[in-house]
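All remarks here apply to the structure that follows.
Just so you know, these numbers use all the heavy atoms, side chains as well, and skip hydrogens, waters and symmetry mates. For clarity, every value in this text was computed on a predicted model and none was experimentally measured.
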Amino acid sequence: RRADGMSRYWVCCHYSCFRVYTKRTTSLTQAVDWHIALSAAKDVAQGRMRNGTAEDAVTPMTQDELYLLLQMEPDLQLTFSSSFNSKRAGKMCSFLTPTTSDLDSAPGTCWAWP
């Protein structure tokens with residue numbers, strides 16, 4: 001809750017090692033609508049990743065999927081990042097890449113790390 005007493009909401013959708021974040025809103029209804037739209041986009045992307053080519057399997061969201069998502073919810077302002085685990089010096093470490101508003105630069109960071 002903010003100092004002015006207004007609640008703020010946002011949505012984070014996570015699948016594979018890909019994360020999608022919305023901007024913040026004071027409207028719970030809008031946040032729920034965003035969650036529904038992001039969940040639908042996630043379902044489409046996971047189906048494509050599961051049933052597509054090798055390139056499809058490592059692309060968590062395509063520009064076409066983003067376009068359809070923005071058609072469903074034109075007010076969406078999104079940022080993207082990747083999170084994953086990697087073994088370093090014999091122990092597991094967690095990594096979270098910086099967020100970006102550029103879809104094309106976000107997914108590749110996940111698979112670029114050994």
### Task
Return the set of residues passing side chain to side chain contact (heavy atoms under 4.5 Å, CB included) with Leu96 (not counting sequence neighbours), or none when no residue passes.
Arg19, Tyr21, Ser81, Ser83
### Task
Applying side chain to side chain contact (heavy atoms under 4.5 Å, CB included), name anything that partners Ser39, two or more places apart in sequence or on another chain.
His35
### Query
Under 4.5 Å between any side-chain heavy atoms of Thr59 and Thr62, yes or no?
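Answer yes - side chains close enough.
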### Flag side-chain contact, heavy atom, 4.5 Å: Tyr15 against Gln46
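Side-chain contact under 4.5 Å: yes.
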[X] to [Y] - nearest heavy-atom pair and separation:
X	Y	result
Met61	Phe80	SD-CE2, 4.2 Å
Val20	Leu78	CG1-CD2, 3.9 Å
Ser27	Tyr9	C-CD1, 3.9 Å
Leu38	Val11	CD1-CG1, 3.6 Å
Pro60	Met49	CA-SD, 3.7 Å

#### Entry: Of all pairs that satisfy salt bridge (charged side-chain N to carboxylate O under 4.0 Å, His left out), the ones with a partner from residues 59-85, not counting sequence neighbours
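Qualifying pairs: Arg48-Glu65.
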### Query
When rounded to the nearest 0.5 angstrom, what distance separates CG in Leu103 from OG1 in Thr79?
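Here the interatomic distance stands at 11.5 Å.
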### Side chain Ser16, main chain Phe18, donor-acceptor under 3.5 Å
no
### Task
Please determine, by modelled atom types, if Tyr67 and Gln63 share a side-chain donor-acceptor pair under 3.5 angstrom.
no
